[in-house]
Amino acid sequence: MDGGVGGIAKAMGHCHYVLFFVLALQYGSSEHEHCYTANVSGVQLEPVNCWIDSIFLLLGIAGGIWADTVGGKRVLGFGVVWWSIATALTPIAAKIGLPFLLVVRAFMGIGEGVAMPAMNNILSKWVPVAERSRSLALVYSGMYLGSVAGLAFSPLLIHKYGWPSVFYSFGSLGTVWFAIWLTKAYSSPLEDPEVSAEEKSLISSNSVLKEPVTEIPWRMILSKPPVWALIGSHFCHNWGTFILLTWMPTYYNQVLKFNLTESGLFCVLPWFTMAVSANVGGWIADTLVSKGVSVTVVRKIMQSIGFLGPAFFLTQLSHVNSPTMAVLCMTCSQGTDAFSQSGLYSNHQDIGPRYAGVLLGLSNTAGVLAGVLGTAATGYILQHGTWDDVFKVSVALYLTGTVVWNLFSTGEKILD
């Protein structure tokens, strides 16, 4: 299994935020030719991202069950092809009208909803504990680099070929990826003919290579406090992350009076920083484990950084009055947030490697729910309060997550 291919899948999936940004610009500006004929307005487009997240919310657990029972290769392949087709069809649907756009973007949510559990399932079978943080950080950093690539190349494509070309380009990448995935990827080392017997023995002694599960022990899973700590912490973490993702361009415009297009370029730096920080955090975590520090202690240290770092820099964000300082705060906030890849995002494979897909589906459902509620709540807060109030809610949840994580999480296997 090529970790680079998995990272590319993650990057293509995360580009949907950039694509939504392109849609918002297209239909929110009177300078583009379709704005006079399209049946969609910039205001109407705001629910589209929440619509994708809602479908994502419903499919997360189902995707985890599917991956753990039939294997991650087929599920991830399905997800990428499905969302790639939906991406390519988006400009056509947008031109027809909002109902068609919602249907197509719902299809994209279906593909993305099953992808993350499938990746977690594959990693749980291929990666030993001592390399878990680095491997997961490398693959998941694809989603940060996907945002960087999208923000960097979208303006060039729009300028030369028009805004639909962004969707056609990213959508077509899925076909290329899928061709490589079919020939190079396997759900388990046991299925890969290119892996030697010695390598299989090494991997099997440090990871789970059992056959896919036939039945999910829901009662046992939901009876474990560390599972609920993982779910609750994922909710607290994603509340702040989604606000940074979806509302910061608005913050730049409303508070700092900063041009939205320039804001998009500035947003590249935080995402690039997250890609670097995630891998640095993964290296630190695995180094600590290899030196004998317990996995539990390592996970708690890394996730505490992932909570307290963003909380601190969000409190500073309310005191800045220049775009440069705002971007610096965002960069530091998201950079420390990326340490969560070696905290809660690695923990599914720690506590239940055989059910890593289901566990990721459960916790990510809570995380996406936080994104849906947080995005809506932020709009409500801004109608009745200030940006300071928005940041205070996020900080409170980060602190709550820190307490819950350190009291109830574990790095030991509790499900078999």
Atom pair OG (S409) and NZ (K300), whose distance is rounded to the nearest 0.5 Å: 4.5 Å

For H237 and Y398, does a side-chain donor sit closer than 3.5 Å to a side-chain acceptor? no

Return the minimal non-hydrogen interatomic distance between G401 and S233, and the atom names on each side. O-OG, 3.8 Å

Could you check whether the rings of W163 and F167 sit parallel, tilted or perpendicular, using 30° and 60° as the cut-offs? perpendicular

Apply the ring pair (Phe, Tyr, Trp, His ring centres under 6.0 Å) test between F78 and each candidate in W66, W83, W181, F178; give the one that qualifies. W66

Would you mind reporting whether I301 and I284 have side-chain heavy atoms less than 4.5 Å apart? no

How long is the straight-line distance from NZ of K392 back to CG of L314, given to the nearest 0.5 Å? 13.0 Å

For D350, check salt bridge (charged side-chain N to carboxylate O under 4.0 Å, His left out) against everything at least two apart and list the hits. R132, R299

Measure from the side-chain N and O atoms of S223 to the backbone N and O of M220, and report whether any donor-acceptor pair falls under 3.5 Å. yes

Output the distance between atom CG (L373) and atom CG (N238), rounded to the nearest 0.5 Å. 11.5 Å

When every non-hydrogen atom of S165 is compared with those of S169, the smallest separation belongs to O-OG, 2.7 Å

When rounded to the nearest 0.5 Å, the distance separating CD of Q334 from SG of C329 is 11.5 Å

Look up atom CG in L136 and atom CG in N120, then write down how far apart they are to the nearest 0.5 Å. 6.0 Å

Please report the C-alpha distance between W228 and F408 in whole Å, then the side-chain angles of each, then the deciding distance to 0.1 Å, and finally whether the ring pair (Phe, Tyr, Trp, His ring centres under 6.0 Å) criterion is met. CA-CA 8 Å; W228 287 104; F408 299 107; over 10 Å; no

So with a 6.0 Å cut-off around NE2 of H319, is the heavy-atom count from everything else above 12? yes

Can you sort out the partners of E215 under side-chain contact (heavy atoms from CB on, under 4.5 Å), two or more places apart, ordered by chain and number? none

Distance-only side-chain donor-acceptor flag, T241 / D337, under 3.5 Å: yes

Enter the distance from K224:NZ to R219:CZ here, rounded to the nearest 0.5 Å. 13.0 Å

For N406 and S304, which I'm curious about, is there any donor-acceptor pair between the side chains at under 3.5 Å? yes

Suppose we call two aromatic rings close when their centres sit under 6.0 Å apart. Are H348 and Y355 close by that rule? no

Look at the rings of W271 and Y144 and say which category their plane angle falls in: under 30° parallel, 30 to 60° tilted, over 60° perpendicular. parallel

Less than 4.5 Å apart, side chain to side chain, heavy atoms only: is that true for W405 and N347? yes

